[in-house]
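The analysis underlying the following values was restricted to heavy atoms, covering all of them including side chains, and did not include hydrogens, waters or symmetry mates.
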Amino acid sequence: MQARKASITTLAKATGLSSATVSRALAGLPSVLPETRDKVLQAARELHYVRDRAAVRLKTGKTHTLAFIQDRQDATQLGFKDFLLGLGDALQDTDYHLIVLPQLAGHDALDSVQYVIERGLADGLVLSYTAPQDARVRWLQRMDFPFISYGRTQLPAHDSVDFANERFADMAVETLVAQGRKRLGILLPAADASFHQHLADGFAQACQRLGVAGECIQAVSLDDPPDAIYQWTRAHASAFDGLVLTREAPILPLLSALDDSGLQVGPGASQQMELVLRYSSPLPQYIRQPFWACFEDMHRAGHALGSRMLARFAQPDLAPRQQLFTPPPLELFHATS
């Protein structure tokens with residue numbers, strides 16, 4: 001005879017708690033004390049409890065699913081894996097699940113958001129690559145649908161998590177100027193994202209404040225193919241003595257082009273080029289040319305997004321919050337004594 005399936009009532013009897021408390025603990029609600037939640041989860045594991053998601057949806061109308069709409073640019077980011085792991089880790093041991101849906105090929109970004117909502121696939125959304133006047137954010141606000149963005153917008157206040165890109169660009173300029181560099185350039189991501197403007201503003205303001213020439217490079221972006229980075233570097237990098245890279249993906253073609261052009265990289269007056277790099281993966285550990293580096297913790301960003309959405313699900317009336325991570329100090333990588 002097949003063993004009877006464990007239920008919330010079974011867990012309540014096993015733990016000595018009320019069915020309502022067990023249900024809240026399984027849902028990961030913050031109103032449940034951590035030790036109570038651990039007790040319920042331990043009993044659930046021991047009794048092989050599996051929540052009937054279809055029954056829950058019929059009863060509550062909730063999918064207990066968080067959807068991340070993956071911008072197609074995300075696939076090129078070396079820290080994207082850690083971002084997803086952080087997002088998933090935030091939901092661990094809760095009743096919520098994460099689904100990742102790539103932006104629909106050949107469609108407007110808003111179409112992907114509407115696809116999720118119109119089919120009832122999730123209770124909330126995570127967006128990336130936000131634009132200053134992001135149509136997805138504007139539509140979600142009008143629909144009063146729970147969401148959070150990795151990146152700020154200029155629209156009415158909404159939940160967001162971001163890296164203080166203006167401050168990173170300012171720090172990069174300060175570091176290069178302190179090393180005696182006077183002709184600076186910054187390689188930026190594609191121009192339609194908010195963080196492009198944040199980086200450009202921070203860079204330009206710092207160059208003006210410190211009295212050095214600075215150029216936001218327009219001919220190539222960090223989202224271009226490696227060969228485009230290589231060719232631009234071969235043709236134009238000699239016009240600069242300091243470059244700021246806001247992502248590590250193009251560092252290999254750029255360094256190859258500098259080497260092929262005979263330009264020496266590193267700190268000190270004898271070197272013709274000095275680099276500042278923001279990174280989010282282990283790749284820079286294996287580059288031997290010296291450069292200044294700033295780490296962006298993508299796991300922390302993903303975890304913050306997931307945690308905020310759980311709080312939003314538990315308390316829909318929470319006031320919107322913008323969480324901005326301050327860049328850590330720049331480090332000099334691989335300098336020889």
Run the side-chain contact (heavy atoms from CB on, under 4.5 Å) check on Asp162 and Thr130 step by step: do they pass? CA-CA 10 Å; Asp162 205 358; Thr130 51; over 6 Å; no

Kindly compute the distance separating [atom1] ([X]) from [atom2] ([Y]), expressed to the nearest 0.5 Å.
X      : Y      : atom1 : atom2 : result
Asp297 : His303 : CG    : NE2   : 11.0 Å
Glu174 : Met171 : CD    : CE    : 8.0 Å
Asp192 : Gln197 : CG    : CD    : 12.0 Å
Gln285 : His334 : CD    : NE2   : 7.5 Å
Asp123 : Thr63  : CG    : OG1   : 3.5 Å
Thr233 : Asp259 : OG1   : CG    : 12.0 Å

Classify the ring geometry of [X] against [Y]: parallel below 30°, tilted from 30° to 60°, perpendicular beyond 60°.
X      : Y      : value
Phe168 : Phe163 : tilted
His64  : Tyr96  : tilted
Trp232 : His236 : tilted

Provide the closest heavy-atom pair for Pro320 versus Asp159 in the form atom of the first, atom of the second, distance.
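Looking at all heavy atoms of both residues, the closest pair is CA-OD1, 3.5 Å.
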
Using every non-hydrogen atom in the two residues, find where Arg37 and Val32 come nearest and quote the distance to one decimal.
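Scanning both residues, the minimum pair turns out to be N-CG1, 3.9 Å.
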
* is_close_aromatic(Phe291, Tyr279), centroid dist under 6.0 Å ->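 Centroid separation for Phe291 and Tyr279: 6.0 Å or greater.
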
Whether the side chain of [X] engages the backbone of [Y] through a donor-acceptor N/O pair (distance < 3.5 Å, no angle test) should be reported.
X      : Y      : value
Arg312 : Leu318 : yes
Arg136 : Ser112 : no
Asp241 : Arg183 : yes
Asp134 : Ala131 : yes
His196 : Pro189 : yes

Following the transitive rule for hydrophobic clusters with a side-chain heavy-atom cut-off under 4.5 Å over Ile, Leu, Val, Met, Phe, Trp and Tyr, establish whether [X] and [Y] coincide in one cluster.
X      : Y      : value
Leu78  : Tyr129 : no
Leu330 : Leu277 : no
Val244 : Val265 : no
Ile217 : Leu184 : no
Phe80  : Phe295 : no

**Study point:** 4.5 Å side-chain heavy-atom contact, Met298 and Tyr150
**Key:**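 Heavy-atom side-chain distance check passes, below 4.5 Å.
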
Considering only heavy atoms from C-beta outward, does the side chain of Phe145 approach that of Val116 to under 4.5 Å?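 Sidechains of Val116 and Phe145: no contact.
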
message = Applying salt bridge (charged side-chain N to carboxylate O under 4.0 Å, His left out) as the test, list every pair that has at least one member in residues 313-332; sequence neighbours left out.
response =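 Sorted pair list comes back empty.
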
Self-check item: Check ion pair Arg247-Asp223 (N to O, under 4.0 angstrom)
Solution: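 Salt bridge flag = yes for Asp223 with Arg247.
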
For this session: Ignoring hydrogens and angles, state whether a donor on the side chain of Gln42 or Arg45 is under 3.5 Å from an acceptor on the partner side chain.
Result: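 On atom types as modelled, these side chains qualify, holding a pair under 3.5 Å.
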
With no hydrogens and no angle check, just 3.5 Å: does a side-chain donor-acceptor pair link His198 and Ser194?
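Checked: His198/Ser194 side chains show no N/O donor-acceptor pair below 3.5 Å.
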
message = With side chain to side chain donor-acceptor pair (under 3.5 Å) as the criterion, how do Thr246 and Arg278 come out once you've worked through the C-alpha distance, each side chain's angles and the decisive distance to 0.1 Å?
response = CA-CA 5 Å; Thr246 54; Arg278 183 179 67 181; 4.8 Å; no

